[in-house]
Amino acid sequence: MIIISSCLAGIDCRYDGNSFPTSYMELLHDLITSELAISVCPEVEGGLPTPRPSAEIVEGRILIKNGEDLTKSFQQGCDSVLKRITSKKVAPSLAILKSRSPSCGVSTIYDGTFSGRIIQGSGLFMRRLRQAYPDLKIIDETELEEYATWLRSLLSE
(Lines give C-alpha, C1' and ligand atoms only; values in the text may rest on other atoms or scores of the structure.)
Protein backbone atom coordinates (compact mmCIF):
# COMPACT_ATOMS: atom_id res chain seq x y z
CA MET A 1 0.00 0.00 0.00
CA ILE A 2 1.15 3.50 -0.87
CA ILE A 3 0.05 6.63 0.95
CA ILE A 4 -0.48 9.70 -1.27
CA SER A 5 -1.34 13.27 -0.32
CA SER A 6 -4.77 13.81 -1.88
CA CYS A 7 -3.82 17.16 -3.40
CA LEU A 8 -1.07 15.48 -5.45
CA ALA A 9 -3.62 13.10 -7.00
CA GLY A 10 -5.89 15.85 -8.32
CA ILE A 11 -8.24 16.17 -5.37
CA ASP A 12 -9.12 19.81 -4.65
CA CYS A 13 -8.40 19.84 -0.93
CA ARG A 14 -5.54 22.32 -0.46
CA TYR A 15 -5.99 25.45 1.63
CA ASP A 16 -6.60 27.45 -1.57
CA GLY A 17 -9.32 25.04 -2.75
CA ASN A 18 -7.18 23.48 -5.46
CA SER A 19 -5.06 20.41 -6.02
CA PHE A 20 -1.32 20.64 -6.62
CA PRO A 21 -0.56 20.01 -10.28
CA THR A 22 2.33 17.69 -11.03
CA SER A 23 3.23 15.80 -14.17
CA TYR A 24 2.51 12.64 -12.15
CA MET A 25 -1.03 13.55 -11.07
CA GLU A 26 -2.68 11.03 -13.40
CA LEU A 27 -0.33 8.25 -12.25
CA LEU A 28 -1.04 8.99 -8.59
CA HIS A 29 -4.77 9.12 -9.25
CA ASP A 30 -4.59 5.77 -11.06
CA LEU A 31 -2.78 4.20 -8.10
CA ILE A 32 -5.58 5.34 -5.81
CA THR A 33 -8.42 4.21 -8.07
CA SER A 34 -6.74 0.82 -8.50
CA GLU A 35 -6.62 0.56 -4.69
CA LEU A 36 -2.83 0.20 -4.68
CA ALA A 37 -2.74 3.46 -2.77
CA ILE A 38 -4.86 5.49 -0.41
CA SER A 39 -5.26 9.24 -0.56
CA VAL A 40 -4.94 11.27 2.60
CA CYS A 41 -5.55 14.86 3.64
CA PRO A 42 -5.16 15.19 7.41
CA GLU A 43 -6.45 18.77 7.29
CA VAL A 44 -9.76 17.80 5.67
CA GLU A 45 -10.04 14.68 7.85
CA GLY A 46 -9.55 16.98 10.84
CA GLY A 47 -12.69 18.87 9.86
CA LEU A 48 -11.12 21.91 8.22
CA PRO A 49 -12.97 23.38 5.23
CA THR A 50 -11.70 23.74 1.68
CA PRO A 51 -10.72 26.43 0.98
CA ARG A 52 -9.30 27.60 4.32
CA PRO A 53 -6.71 30.11 5.49
CA SER A 54 -3.12 28.97 5.01
CA ALA A 55 -1.49 27.67 8.17
CA GLU A 56 2.10 27.40 9.33
CA ILE A 57 3.87 25.79 12.25
CA VAL A 58 4.72 28.44 14.84
CA GLU A 59 6.57 27.30 17.98
CA GLY A 60 5.09 23.81 17.74
CA ARG A 61 1.51 24.98 17.13
CA ILE A 62 -0.30 25.22 13.81
CA LEU A 63 -1.66 28.72 13.35
CA ILE A 64 -3.22 30.85 10.66
CA LYS A 65 -1.93 34.38 10.09
CA ASN A 66 -4.41 36.02 12.50
CA GLY A 67 -3.13 33.75 15.29
CA GLU A 68 -6.04 31.31 15.38
CA ASP A 69 -4.77 27.93 16.58
CA LEU A 70 -5.72 24.98 14.36
CA THR A 71 -3.46 22.47 16.11
CA LYS A 72 -6.34 20.42 17.50
CA SER A 73 -7.94 20.00 14.05
CA PHE A 74 -4.60 19.00 12.55
CA GLN A 75 -4.03 16.47 15.35
CA GLN A 76 -7.53 15.01 14.91
CA GLY A 77 -6.90 14.69 11.18
CA CYS A 78 -3.61 12.89 11.81
CA ASP A 79 -5.34 10.52 14.23
CA SER A 80 -8.07 9.79 11.67
CA VAL A 81 -5.64 9.15 8.81
CA LEU A 82 -3.36 6.96 10.93
CA LYS A 83 -6.34 4.93 12.09
CA ARG A 84 -7.36 4.39 8.47
CA ILE A 85 -3.82 3.34 7.51
CA THR A 86 -3.40 0.92 10.41
CA SER A 87 -6.80 -0.65 9.65
CA LYS A 88 -5.44 -1.89 6.32
CA LYS A 89 -4.18 -5.45 6.24
CA VAL A 90 -0.91 -4.42 4.57
CA ALA A 91 1.69 -2.05 5.99
CA PRO A 92 2.51 0.91 3.75
CA SER A 93 5.55 0.55 1.49
CA LEU A 94 5.87 4.20 0.45
CA ALA A 95 4.38 7.58 1.29
CA ILE A 96 4.27 10.42 -1.23
CA LEU A 97 3.47 13.64 0.61
CA LYS A 98 3.13 17.33 -0.30
CA SER A 99 6.26 19.33 0.42
CA ARG A 100 6.15 22.41 2.66
CA SER A 101 2.75 21.52 4.09
CA PRO A 102 2.21 21.98 7.85
CA SER A 103 0.69 18.48 7.72
CA CYS A 104 2.67 16.62 5.11
CA GLY A 105 5.96 18.48 4.64
CA VAL A 106 8.68 15.84 4.49
CA SER A 107 11.85 17.88 4.91
CA THR A 108 10.83 21.50 4.34
CA ILE A 109 8.05 23.69 5.71
CA TYR A 110 7.28 27.39 5.85
CA ASP A 111 9.05 29.16 8.72
CA GLY A 112 5.97 30.34 10.64
CA THR A 113 6.25 34.02 9.70
CA PHE A 114 3.83 33.84 6.75
CA SER A 115 6.51 35.46 4.61
CA GLY A 116 6.99 32.55 2.19
CA ARG A 117 10.38 31.65 3.70
CA ILE A 118 11.15 27.93 3.64
CA ILE A 119 13.11 26.12 6.35
CA GLN A 120 14.17 22.58 7.16
CA GLY A 121 11.38 20.84 9.05
CA SER A 122 8.53 18.38 8.83
CA GLY A 123 4.77 18.63 9.01
CA LEU A 124 2.74 17.14 11.85
CA PHE A 125 1.37 14.18 9.86
CA MET A 126 4.80 13.38 8.43
CA ARG A 127 6.26 13.23 11.95
CA ARG A 128 3.39 11.06 13.22
CA LEU A 129 3.69 8.74 10.22
CA ARG A 130 7.44 8.40 10.85
CA GLN A 131 6.73 7.48 14.49
CA ALA A 132 4.18 4.85 13.48
CA TYR A 133 6.31 3.41 10.65
CA PRO A 134 9.99 4.18 11.36
CA ASP A 135 11.25 2.24 8.32
CA LEU A 136 8.73 3.63 5.83
CA LYS A 137 10.21 5.41 2.80
CA ILE A 138 8.62 8.88 2.71
CA ILE A 139 9.15 11.23 -0.22
CA ASP A 140 7.61 14.43 -1.50
CA GLU A 141 6.48 15.35 -5.00
CA THR A 142 9.94 16.67 -5.92
CA GLU A 143 11.26 13.10 -5.78
CA LEU A 144 8.53 11.45 -7.88
CA GLU A 145 10.63 11.13 -11.01
CA GLU A 146 12.89 8.62 -9.24
CA TYR A 147 9.89 6.39 -8.46
CA ALA A 148 7.71 6.85 -11.55
CA THR A 149 8.85 3.73 -13.41
CA TRP A 150 8.33 1.54 -10.35
CA LEU A 151 4.93 3.10 -9.66
CA ARG A 152 3.82 2.52 -13.27
CA SER A 153 4.96 -1.10 -13.04
CA LEU A 154 2.63 -1.63 -10.09
CA LEU A 155 -0.32 -0.70 -12.28
CA SER A 156 0.62 -3.27 -14.93
CA GLU A 157 0.99 -6.21 -12.52
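The shown structure was predicted, so the numbers you read here are calculated from the model rather than taken from an experiment.
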Q: Using a strict 4.0 Å threshold on nitrogen-to-oxygen distance, state whether Arg84 and Glu45 make a salt bridge.
A: yes
Q: Can you measure from OG (Ser153) to OH (Tyr147) and round to the nearest 0.5 angstrom?
A: 13.5 Å
Q: Do Leu97 and Ile139 come close enough that some side-chain heavy atom pair is under 4.5 Å?
A: no
Q: Do you know the tightest heavy-atom contact between Ser93 and Trp150?
A: OG-CH2, 4.2 Å
Q: Distance from Ser54 atom OG to Glu56 atom CD, nearest 0.5 Å?
A: 6.0 Å
Q: Check Ile3 against Pro92 and note the closest heavy-atom contact, atom names and distance.
A: CD1-CB, 3.6 Å
Q: Applying a strict under-4.5 Å side-chain criterion to I, L, V, M, F, W and Y, I'd like to know whether Ile4 and Leu36 cluster together.
A: yes
Q: With respect to Leu63, which candidate in Asp69, Ile57, Leu70 satisfies the side-chain contact (heavy atoms from CB on, under 4.5 Å) definition?
A: Asp69
Q: Should Leu151 and Tyr24 be regarded as members of a common hydrophobic cluster, given that ILVMFWY residues are connected when their side-chain heavy atoms come within less than 4.5 Å of each other, either directly or indirectly?
A: yes
Q: Side chains of Leu154 and Ile2: does their closest heavy-atom pair fall under 4.5 Å?
A: yes
Q: The test is side chain to side chain contact (heavy atoms under 4.5 Å, CB included); show your working for Ile138 and Met126 and say whether it passes.
A: CA-CA 8 Å; Ile138 304 173; Met126 192 324 235; 3.7 Å; yes
Q: Any side-chain heavy atom of Ile118 sitting closer than 4.5 Å to one from Ile109?
A: no
Q: Got Leu155 and Leu27 here, is their nearest side-chain heavy-atom distance under 4.5 Å?
A: yes
Q: Please report the interatomic distance SG(Cys78) to CG(Leu124), rounded to the nearest 0.5 Å.
A: 4.0 Å
Q: Do you know which two heavy atoms are closest between Arg14 and Cys7, and how far apart they sit?
A: CG-CB, 3.5 Å
Q: Measure across Cys104 and Ser101 and return the closest heavy-atom pair with its distance rounded to 0.1 Å.
A: N-OG, 2.9 Å
Q: Under 4.5 Å between side-chain heavy atoms, hopping through other hydrophobics if needed: is there a path connecting Leu136 to Val106?
A: yes
Q: Any donor-acceptor pair under 3.5 Å linking the side chain of Ser19 with the backbone of Pro21?
A: no
Q: Can you tell me how far apart CG (Asp12) and OG (Ser6) are? Round to the nearest 0.5 Å.
A: 11.0 Å
Q: Where is the tightest heavy-atom contact between Thr50 and Cys13, given as atom of each residue plus distance?
A: OG1-O, 3.6 Å
Q: Met25 versus Leu8: any side-chain heavy-atom pair under 4.5 Å?
A: no
Q: Taking the side chain as everything from C-beta on, heavy atoms only, tell me whether Leu144 gets closer than 4.5 Å to Ile96.
A: yes
Q: For side chain to side chain contact (heavy atoms under 4.5 Å, CB included), just list the numbers for Asp79 and Lys83, CA-CA rounded to whole Å, side-chain angles, deciding distance to a tenth of an Å, and then say yes or no.
A: CA-CA 6 Å; Asp79 292 344; Lys83 184 176 180 180; over 6 Å; no
Q: Examine distances only and state if a side-chain atom of Ser80 and a backbone atom of Gln76 form a donor-acceptor pair shorter than 3.5 Å.
A: no
Q: Given the rule that I, L, V, M, F, W and Y join up when any side-chain heavy atoms are under 4.5 Å apart, are Leu129 and Val40 in one cluster?
A: yes
Q: If every non-hydrogen atom of Ala55 is compared with every non-hydrogen atom of Phe74, which pair is closest and at what distance?
A: CB-CZ, 4.1 Å
Q: Verify, without hydrogens or angle tests, whether Thr71 (side chain) and Ile62 (backbone) share a donor-acceptor contact under 3.5 angstrom.
A: yes
Q: Answer yes if Leu94 and Ile85 sit in the same cluster of Ile, Leu, Val, Met, Phe, Trp and Tyr residues linked by side chain heavy atoms under 4.5 Å apart, and no otherwise.
A: no
Q: Given side chains that start at C-beta, do those of Asp16 and Pro51 come closer than 4.5 Å, heavy atoms only?
A: no
Q: For the CG atom of Asp111 and the CZ atom of Arg100, what is their distance to the nearest 0.5 Å?
A: 12.0 Å
Q: Could you check whether any side-chain N or O of Arg61 sits under 3.5 Å from a backbone N or O of Val58, counting only pairs where one atom can act as donor and the other as acceptor?
A: no
Q: Under a 4.5 Å cut-off applied to non-hydrogen side-chain atoms, are Ile11 and Cys41 in contact?
A: no
Q: Scan for salt bridge (charged side-chain N to carboxylate O under 4.0 Å, His left out) pairs involving residues 129-156, sequence neighbours excluded, and state none if there are none.
A: Lys98-Glu141
